[in-house]
Amino acid sequence: EAGVVQSPRYKIIEKKQPVAFWCNPISGHNTLYWYRQNLGQGPELLIRYENEEAVDDSQLPKDRFSAERLKGVDSTLKIQPAELGDSAVYLCASSRTGSTEAFFGQGTRLTVV
Amino acid sequence: AQSVSQHNHHVILSEAASLELGCNYSYGGTVNLFWYVQYPGQHLQLLLKYFSGDPLVKGIKGFEAEFIKSKFSFNLRKPSVQWSDTAEYFCAVKTSYDKVIFGPGTSLSVIP
């Protein structure tokens, strides 16, 4: 089966600019996660969806970050405006509802200059 | 607050050496435990997981981990490492609130 697909793989933007990341989860996976991984650290959850509903967005900086999963399949994570500290790898993962195993995409490496 | 700590930031071993990577978590409730691996240039992959039952779990590529509830630990082991095991290893804990918390990772370098 195809894995979790993310795009773009790399993105370089100037601070204060907007940026968006896209994720297509594994077919049939109702749960979708967005994580941020800073250099030298483990992934940190930003938001978790069950179908189109965001069930945990407690770690999402809502002043500048937003996410959507309108049809309960693919998802977009947006930052507007980006700050230097947003430079990180943004990971998307998906799993079947109730499953404890999540499958990760290759991530989008964001560099804000 | 729940957290996961990993004992070593960077480990360097020669091929055939034994490996043990430490992981401790702070959460008093029921947990599921995971070790993920990230090979250079690749995505995170699940190595092994613990839900319940036998506290010694075996994963892919000869890895195993032991859950010691009294110590809040889930250490990863492999009796003989290979150069191809060079990667970043992440311990993760899933709490009863369905929240998955990752440790900071341990970078393993295996020297041929």
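Here the structure is a predicted model, which means the values were calculated and not measured. Labels below follow one simple rule: chain letters A, B, ... track the order of the sequence lines, proteins then strands, and each chain is numbered from 1.
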Colleague: Should we count NZ of B:Lys49 as having more than 12 external heavy atoms under 6.0 Å?
Modeller: yes
Colleague: B:Val100 versus chain A, heavy atoms under 4.5 Å apart: side chain, backbone, both or neither?
Modeller: both
Colleague: Would a 4.5 Å heavy-atom cut-off, applied to side chains only, mark A:Gln41 and B:Phe90 as touching?
Modeller: no
Colleague: Heavy-atom count check: over 12 atoms from other residues, nucleotides or ligands less than 6.0 Å from A:Leu39 CG?
Modeller: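 Incorrect, the count does not exceed 12.
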Colleague: Quick one, B:Gln38 with A:Gln106, criterion side chain to side chain contact (heavy atoms under 4.5 Å, CB included). Give me CA distance, side-chain angles, the key distance, then yes/no.
Modeller: CA-CA 10 Å; B:Gln38 188 169 26; A:Gln106 290 196 292; over 6 Å; no
Colleague: So which part of A:Ala93 gets closer than 4.5 Å to some heavy atom of chain B, the side chain, the backbone, both or neither?
Modeller: neither
Colleague: Go through the atoms of A:Thr31 and report whether side chain, backbone, both or neither lie under 4.5 Å from a heavy atom of chain B.
Modeller: neither
Colleague: Under 6.0 Å from the NZ atom of A:Lys62, do we count more than 12 heavy atoms belonging to anything else shown?
Modeller: yes
Colleague: Against chain A, label B:Leu44 side chain, backbone, both or neither, depending on which of its atoms sit under 4.5 Å from a heavy atom there.
Modeller: both
Colleague: Around atom CH2 of B:Trp83, are there more than 12 heavy atoms from other residues, nucleotides or ligands closer than 6.0 Å?
Modeller: no
Colleague: Just wondering, are more than 12 heavy atoms of other shown residues or ligands nearer than 6.0 Å to CD1 in B:Ile111?
Modeller: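 Atom CD1 in B:Ile111 is crowded, with more than 12 foreign heavy atoms closer than 6.0 Å.
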Colleague: To the nearest 0.5 Å, tell me how far B:Lys94 NZ sits from A:Glu101 CD.
Modeller: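 The NZ atom of B:Lys94 sits 11.0 Å away from the CD atom of A:Glu101.
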Colleague: Which bit of A:Glu44 is near chain B, if near means a heavy-atom gap under 4.5 Å: side chain, backbone, both or neither?
Modeller: neither
